[in-house]
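See structure below.
Being a predicted model, the structure only gives us computed values, none of them experimental.
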Amino acid sequence: MTWPRFVERDEPATFASWCVDAEDGALEQMHNSMRLPSTVRGALMPDAHRGYGLPIGGVLATAGTVIPYAVGVDIACRMKLTVLDIDPADLGGKRERFEKTLLRETVFGTGTVTNAKQRLDHDVLDAGRWSGQRLLRSLREKATGQLGTSGSGNHFVEFGLLTLEQPDLGLEPGRYLALMSHSGSRGPGATVAGHFTKLARALHPELPSELSHLAWLDLDSEDGQAYWEAMNLMGEFAAASHWVIHERVRRALGATAIAGVENHHNFAWLEEHD
(Lines give C-alpha, C1' and ligand atoms only; values in the text may rest on other atoms or scores of the structure.)
Protein backbone atom coordinates (compact mmCIF):
# COMPACT_ATOMS: atom_id res chain seq x y z
CA MET A 1 0.00 0.00 0.00
CA THR A 2 1.47 3.35 -1.02
CA TRP A 3 0.48 6.91 -0.24
CA PRO A 4 2.11 9.15 -2.84
CA ARG A 5 0.54 12.36 -1.61
CA PHE A 6 -1.63 13.80 1.11
CA VAL A 7 -5.38 13.56 0.64
CA GLU A 8 -7.56 14.68 3.52
CA ARG A 9 -9.62 11.86 4.96
CA ASP A 10 -13.41 12.08 4.78
CA GLU A 11 -13.44 11.40 8.52
CA PRO A 12 -10.43 11.49 10.86
CA ALA A 13 -9.29 8.24 12.43
CA THR A 14 -9.99 7.76 16.12
CA PHE A 15 -7.70 7.54 19.10
CA ALA A 16 -8.06 6.40 22.68
CA SER A 17 -6.78 8.59 25.48
CA TRP A 18 -5.52 7.77 28.97
CA CYS A 19 -4.37 11.36 29.51
CA VAL A 20 -7.01 13.18 31.53
CA ASP A 21 -5.15 16.52 31.55
CA ALA A 22 -3.47 16.62 28.15
CA GLU A 23 -2.30 20.11 27.15
CA ASP A 24 -3.94 21.74 24.17
CA GLY A 25 -0.80 21.41 22.03
CA ALA A 26 -0.63 17.66 22.53
CA LEU A 27 -4.31 17.20 21.71
CA GLU A 28 -3.95 19.35 18.59
CA GLN A 29 -1.02 17.24 17.38
CA MET A 30 -2.92 14.03 18.06
CA HIS A 31 -5.97 15.23 16.16
CA ASN A 32 -3.75 16.31 13.28
CA SER A 33 -2.13 12.87 13.09
CA MET A 34 -5.60 11.34 12.69
CA ARG A 35 -5.99 13.28 9.42
CA LEU A 36 -3.21 11.40 7.61
CA PRO A 37 -4.42 9.05 4.87
CA SER A 38 -2.41 6.08 6.19
CA THR A 39 -3.48 6.47 9.84
CA VAL A 40 -5.37 3.50 11.26
CA ARG A 41 -5.82 4.59 14.87
CA GLY A 42 -3.94 6.12 17.78
CA ALA A 43 -3.58 6.38 21.53
CA LEU A 44 -2.50 9.03 24.01
CA MET A 45 -0.63 7.94 27.13
CA PRO A 46 -1.03 9.51 30.60
CA ASP A 47 2.20 11.54 30.37
CA ALA A 48 1.44 13.07 26.95
CA HIS A 49 2.75 16.52 26.09
CA ARG A 50 3.57 18.49 22.96
CA GLY A 51 6.28 17.06 20.73
CA TYR A 52 7.31 17.68 17.13
CA GLY A 53 4.98 15.89 14.73
CA LEU A 54 3.36 13.49 17.19
CA PRO A 55 2.96 14.39 20.87
CA ILE A 56 5.35 12.83 23.34
CA GLY A 57 3.34 9.94 24.73
CA GLY A 58 1.39 9.55 21.51
CA VAL A 59 1.08 6.21 19.72
CA LEU A 60 0.19 6.03 16.05
CA ALA A 61 -0.70 3.01 13.92
CA THR A 62 -0.33 3.53 10.17
CA ALA A 63 -0.73 1.27 7.15
CA GLY A 64 2.32 0.93 4.91
CA THR A 65 4.16 4.04 6.10
CA VAL A 66 6.67 5.19 8.70
CA ILE A 67 6.89 8.79 9.96
CA PRO A 68 10.40 9.71 11.16
CA TYR A 69 9.27 12.55 13.42
CA ALA A 70 6.50 10.38 14.89
CA VAL A 71 9.21 7.91 15.89
CA GLY A 72 11.08 10.86 17.35
CA VAL A 73 14.44 12.58 17.41
CA ASP A 74 16.04 10.40 20.08
CA ILE A 75 15.40 7.09 18.33
CA ALA A 76 14.99 4.10 20.68
CA CYS A 77 15.32 6.14 23.85
CA ARG A 78 14.76 3.63 26.61
CA MET A 79 14.89 2.81 30.30
CA LYS A 80 16.81 -0.12 31.73
CA LEU A 81 16.63 -1.50 35.26
CA THR A 82 19.14 -3.95 36.73
CA VAL A 83 18.59 -5.43 40.19
CA LEU A 84 21.85 -6.11 42.02
CA ASP A 85 22.67 -8.55 44.81
CA ILE A 86 23.67 -5.72 47.16
CA ASP A 87 22.06 -5.09 50.53
CA PRO A 88 19.62 -2.21 49.93
CA ALA A 89 20.67 -0.74 53.29
CA ASP A 90 24.04 0.04 51.70
CA LEU A 91 22.43 2.74 49.58
CA GLY A 92 22.14 4.95 52.63
CA GLY A 93 25.18 3.76 54.55
CA LYS A 94 27.65 3.77 51.64
CA ARG A 95 26.25 6.60 49.56
CA GLU A 96 29.65 8.08 48.70
CA ARG A 97 30.81 4.80 47.20
CA PHE A 98 27.81 4.65 44.87
CA GLU A 99 28.18 8.29 43.85
CA LYS A 100 31.86 7.86 43.00
CA THR A 101 31.11 4.70 41.03
CA LEU A 102 28.55 6.51 38.88
CA LEU A 103 30.86 9.45 38.23
CA ARG A 104 33.77 7.17 37.36
CA GLU A 105 31.96 4.61 35.22
CA THR A 106 29.45 6.77 33.32
CA VAL A 107 29.68 9.85 31.12
CA PHE A 108 27.05 12.60 31.06
CA GLY A 109 26.62 15.68 28.92
CA THR A 110 26.89 16.55 25.26
CA GLY A 111 29.75 15.71 22.93
CA THR A 112 31.81 12.55 22.50
CA VAL A 113 34.65 10.75 24.24
CA THR A 114 37.74 11.86 22.29
CA ASN A 115 40.40 9.95 24.23
CA ALA A 116 40.81 6.62 22.41
CA LYS A 117 41.85 4.86 25.61
CA GLN A 118 38.58 5.85 27.29
CA ARG A 119 36.38 4.69 24.44
CA LEU A 120 34.33 1.57 24.95
CA ASP A 121 33.64 -1.31 22.60
CA HIS A 122 30.70 -3.49 21.68
CA ASP A 123 29.68 -5.71 18.77
CA VAL A 124 27.18 -3.05 17.68
CA LEU A 125 30.14 -1.01 16.41
CA ASP A 126 31.27 -3.68 13.93
CA ALA A 127 31.98 -1.77 10.73
CA GLY A 128 29.87 -4.08 8.59
CA ARG A 129 26.72 -3.05 10.40
CA TRP A 130 27.28 0.60 9.44
CA SER A 131 28.35 0.05 5.83
CA GLY A 132 24.99 -0.25 4.08
CA GLN A 133 24.32 3.49 3.76
CA ARG A 134 26.54 6.52 3.31
CA LEU A 135 24.72 8.22 6.19
CA LEU A 136 25.43 5.35 8.58
CA ARG A 137 29.08 5.13 7.51
CA SER A 138 29.44 8.81 8.37
CA LEU A 139 27.96 8.23 11.84
CA ARG A 140 30.05 5.29 12.99
CA GLU A 141 32.87 7.45 14.36
CA LYS A 142 30.43 9.52 16.40
CA ALA A 143 28.75 6.34 17.66
CA THR A 144 32.13 4.99 18.73
CA GLY A 145 32.70 8.11 20.81
CA GLN A 146 29.21 8.09 22.34
CA LEU A 147 28.76 4.40 23.15
CA GLY A 148 27.99 4.00 26.84
CA THR A 149 27.30 7.70 27.41
CA SER A 150 24.04 9.26 28.54
CA GLY A 151 23.89 12.68 26.93
CA SER A 152 22.00 15.52 28.62
CA GLY A 153 18.44 16.70 29.15
CA ASN A 154 16.28 14.31 31.17
CA HIS A 155 18.67 11.38 30.75
CA PHE A 156 20.21 9.84 33.85
CA VAL A 157 21.86 6.87 35.52
CA GLU A 158 20.94 6.40 39.16
CA PHE A 159 20.64 3.92 42.01
CA GLY A 160 17.40 3.39 43.85
CA LEU A 161 15.35 1.08 46.00
CA LEU A 162 12.99 -1.35 44.29
CA THR A 163 10.09 -2.54 46.42
CA LEU A 164 8.16 -5.59 45.25
CA GLU A 165 4.87 -6.26 47.00
CA GLN A 166 4.38 -9.51 45.10
CA PRO A 167 6.66 -11.83 43.09
CA ASP A 168 7.93 -10.21 39.91
CA LEU A 169 10.98 -10.31 37.62
CA GLY A 170 11.73 -13.74 39.05
CA LEU A 171 12.19 -12.21 42.52
CA GLU A 172 10.34 -12.68 45.77
CA PRO A 173 8.56 -9.76 47.47
CA GLY A 174 10.96 -7.46 49.29
CA ARG A 175 13.31 -4.51 48.90
CA TYR A 176 16.19 -4.55 46.46
CA LEU A 177 18.92 -2.23 45.30
CA ALA A 178 18.65 -1.42 41.60
CA LEU A 179 20.39 0.60 38.92
CA MET A 180 18.25 2.49 36.43
CA SER A 181 19.23 4.39 33.29
CA HIS A 182 17.37 6.54 30.76
CA SER A 183 18.94 7.58 27.46
CA GLY A 184 18.79 6.86 23.76
CA SER A 185 20.80 6.82 20.55
CA ARG A 186 22.50 10.15 21.17
CA GLY A 187 23.93 12.10 18.23
CA PRO A 188 23.67 9.29 15.66
CA GLY A 189 19.95 8.85 16.32
CA ALA A 190 19.27 12.58 16.12
CA THR A 191 21.14 12.77 12.81
CA VAL A 192 19.15 9.85 11.37
CA ALA A 193 15.88 11.46 12.49
CA GLY A 194 16.77 14.83 11.01
CA HIS A 195 18.02 13.40 7.71
CA PHE A 196 14.98 11.26 6.99
CA THR A 197 12.47 13.84 8.22
CA LYS A 198 13.97 16.37 5.81
CA LEU A 199 13.70 13.78 3.06
CA ALA A 200 10.08 12.94 3.93
CA ARG A 201 9.08 16.61 3.98
CA ALA A 202 10.69 17.14 0.59
CA LEU A 203 8.65 14.23 -0.79
CA HIS A 204 5.41 15.78 0.53
CA PRO A 205 5.44 19.53 -0.14
CA GLU A 206 1.66 19.39 -0.43
CA LEU A 207 1.20 18.88 3.33
CA PRO A 208 -0.35 21.82 5.17
CA SER A 209 2.02 23.51 7.62
CA GLU A 210 0.43 21.93 10.69
CA LEU A 211 1.10 18.48 9.25
CA SER A 212 4.53 19.04 7.75
CA HIS A 213 6.35 17.30 10.60
CA LEU A 214 4.15 14.25 10.03
CA ALA A 215 5.56 13.67 6.55
CA TRP A 216 5.88 9.96 5.85
CA LEU A 217 7.96 7.47 3.92
CA ASP A 218 6.32 4.51 2.22
CA LEU A 219 7.72 1.33 3.71
CA ASP A 220 7.99 -0.38 0.34
CA SER A 221 10.10 2.47 -1.08
CA GLU A 222 13.90 2.63 -1.10
CA ASP A 223 13.85 5.61 1.25
CA GLY A 224 11.44 3.89 3.62
CA GLN A 225 13.60 0.78 3.78
CA ALA A 226 16.72 2.90 4.33
CA TYR A 227 15.06 4.64 7.28
CA TRP A 228 13.85 1.33 8.68
CA GLU A 229 17.38 -0.10 8.53
CA ALA A 230 18.87 2.99 10.17
CA MET A 231 16.17 3.16 12.86
CA ASN A 232 16.76 -0.45 13.87
CA LEU A 233 20.51 0.05 14.04
CA MET A 234 19.95 3.07 16.28
CA GLY A 235 17.81 0.82 18.48
CA GLU A 236 20.63 -1.69 18.78
CA PHE A 237 23.10 1.10 19.47
CA ALA A 238 20.94 2.55 22.27
CA ALA A 239 20.48 -0.89 23.84
CA ALA A 240 24.22 -1.51 23.65
CA SER A 241 24.94 1.77 25.41
CA HIS A 242 22.71 0.82 28.32
CA TRP A 243 24.27 -2.63 28.51
CA VAL A 244 27.76 -1.11 28.65
CA ILE A 245 26.76 1.35 31.37
CA HIS A 246 25.17 -1.31 33.56
CA GLU A 247 28.03 -3.74 33.05
CA ARG A 248 30.67 -1.15 33.97
CA VAL A 249 28.84 -0.14 37.13
CA ARG A 250 28.06 -3.73 38.12
CA ARG A 251 31.68 -4.82 37.72
CA ALA A 252 33.01 -1.79 39.58
CA LEU A 253 30.83 -2.72 42.55
CA GLY A 254 31.67 -6.42 42.35
CA ALA A 255 27.96 -7.17 42.17
CA THR A 256 25.85 -9.76 40.37
CA ALA A 257 22.77 -8.89 38.36
CA ILE A 258 19.86 -10.95 39.71
CA ALA A 259 17.06 -9.49 37.58
CA GLY A 260 16.37 -6.82 35.03
CA VAL A 261 13.88 -5.26 32.67
CA GLU A 262 14.23 -2.90 29.72
CA ASN A 263 11.79 -1.12 27.45
CA HIS A 264 12.09 1.51 24.75
CA HIS A 265 9.99 4.27 23.29
CA ASN A 266 10.59 6.47 20.21
CA PHE A 267 10.43 3.47 17.94
CA ALA A 268 8.31 1.75 15.31
CA TRP A 269 7.57 -1.90 14.62
CA LEU A 270 5.65 -3.99 12.13
CA GLU A 271 2.49 -6.00 12.77
CA GLU A 272 0.30 -7.90 10.35
CA HIS A 273 -3.48 -7.73 10.66
CA ASP A 274 -6.26 -9.22 8.60
Exercise. Roughly how far, to the nearest 0.5 Å, is the CD atom of E247 from the CD atom of E105?
Worked result: 11.5 Å
Problem set entry | Reported OG-to-CG distance for the pair S33 and L211, which is rounded to 0.5 angstrom | 9.0 Å
Exercise. Can you say whether the rings of H204 and W216 are parallel (under 30°), tilted (30 to 60°) or perpendicular (over 60°)?
Worked result: tilted
Problem set entry | R250 CZ to R248 CZ distance, which is reported to the nearest 0.5 Å | 12.5 Å
Exercise. Between R9 and T39, what is the shortest heavy-atom contact and its length?
Worked result: NH1-O, 2.8 Å
For this session: Determine the minimum heavy-atom distance between P46 and C19, stating which atoms define it.
Result: O-SG, 3.4 Å
Problem set entry | Residue that, paired with S183, satisfies side-chain hydrogen bond (donor to acceptor under 3.5 Å, both in side chains) out of R78, H155, H242 | H242
Exercise. In terms of hydrophobic clusters joined by side-chain contacts under 4.5 Å, are V192 and V73 together?
Worked result: no
Exercise. Is the number of heavy atoms from other residues, nucleotides or ligands under 6.0 Å of N154 CG greater than 12?
Worked result: yes
Seminar exercise, completed: So CD of Q29 and CG of L44: to nearest 0.5 Å the spacing works out to 10.0 Å
Problem set entry | Backbone of M180 reached by a side-chain donor or acceptor of H182 within 3.5 Å | no
Problem set entry | Same apolar cluster: L214 and M34, side chain cutoff 4.5 Å | yes
Problem set entry | Reported CH2-to-CE distance for the pair W269 and M231, which is rounded to 0.5 angstrom | 10.0 Å
For this session: Kindly give the heavy-atom pair with the smallest separation between F108 and S150, and that separation in Å.
Result: CD2-CB, 3.7 Å
Exercise. Please, which pairs that meet side-chain hydrogen bond (donor to acceptor under 3.5 Å, both in side chains) have at least one residue in residues 81-94, sequence neighbours excluded?
Worked result: T82-H246
Exercise. CZ of R175: more than 12 outside heavy atoms within 6.0 angstrom?
Worked result: no
For this session: Look at the side chain of H265 and the backbone N and O of C77, then say whether any donor-acceptor pair between them is shorter than 3.5 Å.
Result: yes
For this session: Tell me yes or no: between the side chains of R186 and T149, is some donor less than 3.5 Å from an acceptor?
Result: yes
Exercise. So which heavy atom on D121 is nearest to which on L147, and how close?
Worked result: C-CD2, 3.7 Å
Exercise. Would you find a donor on one side and an acceptor on the other, under 3.5 Å apart, between the side chain of S221 and the backbone of D218?
Worked result: yes
Return all side-chain donor-acceptor pairs below 3.5 angstrom for residues 50-71, not counting sequence neighbours, or 'none' if the list is empty.
{"unit_1": "R50", "atom_1": "NH1", "unit_2": "G25", "atom_2": "O", "d": "3.3"}
{"unit_1": "T62", "atom_1": "OG1", "unit_2": "T65", "atom_2": "O", "d": "2.9"}
{"unit_1": "T62", "atom_1": "OG1", "unit_2": "T65", "atom_2": "OG1", "d": "3.1"}
{"unit_1": "T65", "atom_1": "OG1", "unit_2": "S38", "atom_2": "OG", "d": "2.9"}

For this session: Considering non-hydrogen atoms only, spot the tightest contact between F6 and E206 and give its length.
Result: N-OE2, 2.6 Å
Problem set entry | Cluster overlap F196 with L219, hydrophobic side-chain contacts below 4.5 Å | yes
Exercise. Atom CE of M234 and atom OG1 of T191: how far apart are they, to the nearest 0.5 Å?
Worked result: 9.0 Å
Exercise. Does R137 CZ have over 12 foreign heavy atoms under 6.0 Å away?
Worked result: yes
For this session: Look at the rings of W243 and H122 and say which category their plane angle falls in: under 30° parallel, 30 to 60° tilted, over 60° perpendicular.
Result: perpendicular
For this session: Can you sort out the partners of R35 under salt bridge (Lys or Arg N to Asp or Glu O under 4.0 Å), two or more places apart, ordered by chain and number?
Result: E8, E210
For this session: Decide yes or no on side chain to side chain contact (heavy atoms under 4.5 Å, CB included) for Y227 and D223, but give the supporting numbers first.
Result: CA-CA 6 Å; Y227 174 76; D223 293 328; over 6 Å; no
Exercise. Do the non-hydrogen side-chain atoms of L253 and R97 ever get within less than 4.5 Å of each other?
Worked result: yes
Exercise. Which pair of non-hydrogen atoms, one from S185 and one from F237, has the smallest distance, and what is that distance?
Worked result: O-CE2, 3.5 Å
